[in-house]
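Since the structure comes first, as structure tokens, the remarks are kept for the end.
All of these numbers come straight from a predicted model, not from anything done at the bench.
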Amino acid sequence: MTRYIFVTGGVVSSLGKGIVSSSIGMLLQARGYKITIQKFDPYINIDPGTLNPYEHGECYVTVDGMETDLDLGHYERFTGIRTTRNNSVTTGRIYKTVIDRERRGDYLGKTIQVVPHITDEIKHRMRRDDDEFDFVITEIGGTIGDIESAPFLEAIRQLRWELGNKAVSVHLTYVPYLKAADELKTKPTQHSVKEMQGMGIQPDVLVLRTEKHLSDGVRQKVASFCNVDLECVVQSEDMPSIYDVPVSMQTQGIDAAILRKFGIPVGERPSMASWHKFLELQRHATREVHVGLVGKYDLQDAYKSIRESLNLAGIYNEVKVKIHFINSEEVTADNVAQKLEGMAGVLICPGFGTRGIEGKIIAAQYTRTHDIPTFGICLGMQMMVIEFARNVLGYADANSKEMDTETPHNVIDIMESQKNITNMGGTMRLGAYKCNLLADSRVAEIYGSCEISERHRHRYEFNNKYIDEYEAHGMKCTGRNPESDLVEIVEIPDKKWYIGTQFHPEYSSTVLNPHPLFMDFVKTIK
């Protein structure tokens, strides 16, 4: 029997609903349950694929090619599950589905309304009727009180009534600390819960986000005023790392409280030995290694999965990776040495558009000629290819068609399937594809296999007509798609570590299974 956990947020945004949802999922997994986590976002975009990273942070790609919210990255890193398009839904997708049905006449002339048509579609996507999972955790984006969230909350209200004891509501709020009064204030939480109650939803569990430890008296006050059992009032303090949150949640018994709400026997507390071993490594990883992140988005969330992949690889290599963002728009031939000074390794970031491209090319040239370990991902790999063409093959005009040049050697060319596409959303090469590796290559050694599968998000690719020239001059094409012959990986074997991938390995790195490319990259530079 599938049971449902709904996670909502109140008072302010950015409290960490994604981390709490991931932690609950991970704790239930540790008890032997099969779980999945889904994100319902109230914005009208069909997906985040066309959103500026400054607006929305990283666009995370699922194995089946859905462009999604970055919280799905947290879900996968914490739990090891593989999300799909079913795990990410927006208001835009809901309305588009309903409107398409209306245009086809599926509703037989009825007037289409938010209730019941929009809410019915939301409920349909929230429910998993095949009993594939023991628990489905549904996180609702935004904050209680936002007008755009109302249809989702109404859907939850209806589902809780329909599902009875198979549904539990977890509400995350903020308890501010007033320094002048030296007091923690619970009134915002009370108002948030009151607003939930006004929508017909009584929270079963409250997670109180706080920067100061909450006394039992404060928790008792919240429980009393919000009609919640004391054991179901859990605090989420600032932690040294987001990966400490599940342990804190388990210590306070959130998983046990949720199981009791469902009427399920709690049993013994899981040891989570592998997770604790990881945290122990994290605590002892104090020696720093410095990695330069060459990109154009000066925003931490824009490269979230890359940052976390480097962080995880560092921990398992018993070092702390200190990441330095280097704005590629500001990198020139005159200052590149200064910009990259002190970097043990450099990662050239993915991205779209021409802004900052020349800086990435200059950085790639500097790291290649100075034998600084370099990792290029997607557009970063393409810039390594263009740099090599210009400065080794002698094609001074080497470019991709995305770059404005009259008659370039298009060593990076637009994919054939993308040439006549004008719609920007969800039309690229997306999702997981197979890749065959050369048996004697560095990457085959790193993976320990010659057959891999990785996720993509791009519309430009290596132009195969230049393969022989590249390989004759020392850059090897060591990974290819077995069906399209797309060059997936390039490397220069005589360098310490100089590898570019067309795919995005960061999407596959998890806490308990860090990605081998990131592991080997950090191992080389530590």
Side-chain angles (χ1 to χ4, degrees), residues 49 59 61 63-65 67 295 306 347-358 360-361 364 374-390 392-393 395 397-405 407-438 441 443 451-473 475-492 498-508 517:
C59 178
V61 178
V63 289
D64 63 344
E67 294 172 297
I306 289 174
L347 192 147
I348 304 177
C349 293
F352 289 88
T354 58
R355 184 167 62 88
I357 275 183
E358 289 298 334
K360 291 181 180 181
I361 293 171
T374 306
F375 192 172
I377 296 177
C378 199
L379 182 69
M381 169 266 203
Q382 294 172 3
M383 296 305 101
M384 293 164 72
V385 166
I386 290 172
E387 183 281 318
F388 196 87
R390 288 183 183 180
V392 178
L393 302 186
Y395 298 144
D397 63 348
N399 252 324
S400 75
K401 283 189 177 178
E402 190 172 21
M403 301 168 68
D404 186 18
T405 308
T407 55
H409 284 84
N410 290 316
V411 292
I412 300 296
D413 205 351
I414 192 166
M415 299 176 67
E416 193 65 35
S417 62
Q418 298 290 309
K419 288 184 177 178
N420 297 316
I421 290 177
T422 56
N423 177 17
M424 295 297 291
T427 57
M428 295 173 282
R429 184 180 182 85
L430 292 164
Y433 290 86
K434 292 180 180 179
C435 177
N436 292 342
L437 311 180
L438 290 182
S441 64
V443 286
E451 295 182 1
I452 62 172
S453 177
E454 295 282 6
R455 299 182 221 185
H456 297 67
R457 184 178 182 239
H458 65 101
R459 50 174 38 100
Y460 288 81
E461 66 179 353
F462 187 103
N463 190 338
N464 280 17
K465 79 176 187 178
Y466 293 100
I467 288 177
D468 290 343
E469 290 183 69
Y470 274 90
E471 299 213 324
H473 288 81
M475 179 175 275
K476 305 299 180 183
C477 300
T478 54
R480 295 202 204 180
N481 181 291
E483 296 178 3
S484 67
D485 205 32
L486 167 69
V487 173
E488 299 269 17
I489 305 174
V490 297
E491 61 179 82
I492 301 180
Y498 199 86
I499 296 173
T501 66
Q502 183 59 74
F503 51 79
H504 289 260
E506 70 272 21
Y507 294 147
S508 302
L517 285 175

I'd like to know if Arg390 pairs up with Glu358 as an ion pair, taking the criterion as any Lys NZ or Arg NE/NH1/NH2 lying under 4.0 Å from an Asp or Glu carboxylate oxygen.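 A salt bridge links Arg390 with Glu358.
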
Could you tell me whether a side-chain N or O of Arg480 sits under 3.5 Å from a main-chain N or O of Ile489, the two making a donor and an acceptor?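 No; zero donor-acceptor contacts below 3.5 Å.
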
Under 3.5 Å, is there a donor-acceptor pair between the side chain of Asn463 and the main chain of Asn410?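 Yes, because the side chain of Asn463 sits within donor-acceptor range (under 3.5 Å) of the backbone of Asn410.
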
Please name the pair of heavy atoms, one in [X] and one in [Y], separated by the smallest distance, quoted to 0.1 Å.
| X | Y | answer |
| --- | --- | --- |
| Arg455 | Ser508 | NE-OG, 4.0 Å |
| Ile306 | Pro350 | CD1-CD, 3.6 Å |
| Glu483 | Asn481 | N-OD1, 2.7 Å |
| Tyr470 | Ile386 | OH-N, 4.4 Å |
| Gly479 | Leu437 | CA-CD2, 4.0 Å |
| Glu387 | Tyr498 | OE1-OH, 4.0 Å |

Glu471 atom CD: more than 12 heavy-atom contacts under 6.0 Å: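 Yes.
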
Given side chains that start at C-beta, do those of [X] and [Y] come closer than 4.5 Å, heavy atoms only?
| X | Y | value |
| --- | --- | --- |
| Ile377 | Cys349 | no |
| Cys378 | Phe503 | no |
| Glu451 | Asn436 | yes |

CD1-CG distance between Ile412 and Asn399, expressed to the nearest 0.5 angstrom: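 With rounding to 0.5 Å, CD1 (Ile412) is 10.5 Å from CG (Asn399).
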
Return the CD to CE distance between Glu469 and Met475, rounded to the nearest 0.5 Å.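 One finds 13.0 Å between CD of Glu469 and CE of Met475.
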
Can you check side chain to side chain contact (heavy atoms under 4.5 Å, CB included) on Phe375 and Ile348, steps first, answer last? CA-CA 6 Å; Phe375 192 172; Ile348 304 177; over 6 Å; no

Could you list the donor-acceptor pairs under 3.5 angstrom formed by side chains in residues 426-435, with sequence neighbours left out?
from	atom 1	to	atom 2	distance (Å)
Thr427	OG1	Asn423	O	2.9
Thr427	OG1	Arg459	NH2	2.6

Worked check of side chain to side chain contact (heavy atoms under 4.5 Å, CB included) between His473 and Leu393: CA-CA 7 Å; His473 288 81; Leu393 302 186; 3.5 Å; yes

Can you find a side-chain donor-acceptor pair between Asn464 and Asp485 that sits under 3.5 Å?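 A donor-acceptor contact under 3.5 Å links the two side chains.
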
Any side-chain donor near an acceptor of the partner, His458 and Gln382, under 3.5 Å: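 Side-chain D/A pair, His458 to Gln382: absent.
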
Residues Phe388, Val411; criterion side chain to side chain contact (heavy atoms under 4.5 Å, CB included); working and verdict: CA-CA 10 Å; Phe388 196 87; Val411 292; over 6 Å; no

As a test of understanding, state which of Glu461, His504, Glu488 forms a side-chain hydrogen bond (donor to acceptor under 3.5 Å, both in side chains) with His456.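 So, applying the side-chain hydrogen bond (donor to acceptor under 3.5 Å, both in side chains) to His456 and each of Glu461, His504, Glu488, only Glu488 qualifies.
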
Between His409 and Tyr466, what is the ring plane arrangement, given parallel below 30°, perpendicular above 60°, and tilted in between?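 The rings of His409 and Tyr466 stand perpendicular, inter-plane angle above 60°.
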
Checking Ser441 against Lys476 for the side chain to side chain contact (heavy atoms under 4.5 Å, CB included) test, could you report, in this order, the C-alpha distance in whole Å, the side-chain angles of both residues, the deciding distance, and whether it holds? CA-CA 9 Å; Ser441 64; Lys476 305 299 180 183; over 6 Å; no

Passing option when Ile499 is tested against Glu491, Met384, Met381 for side chain to side chain contact (heavy atoms under 4.5 Å, CB included):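 The passing option is Glu491.
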
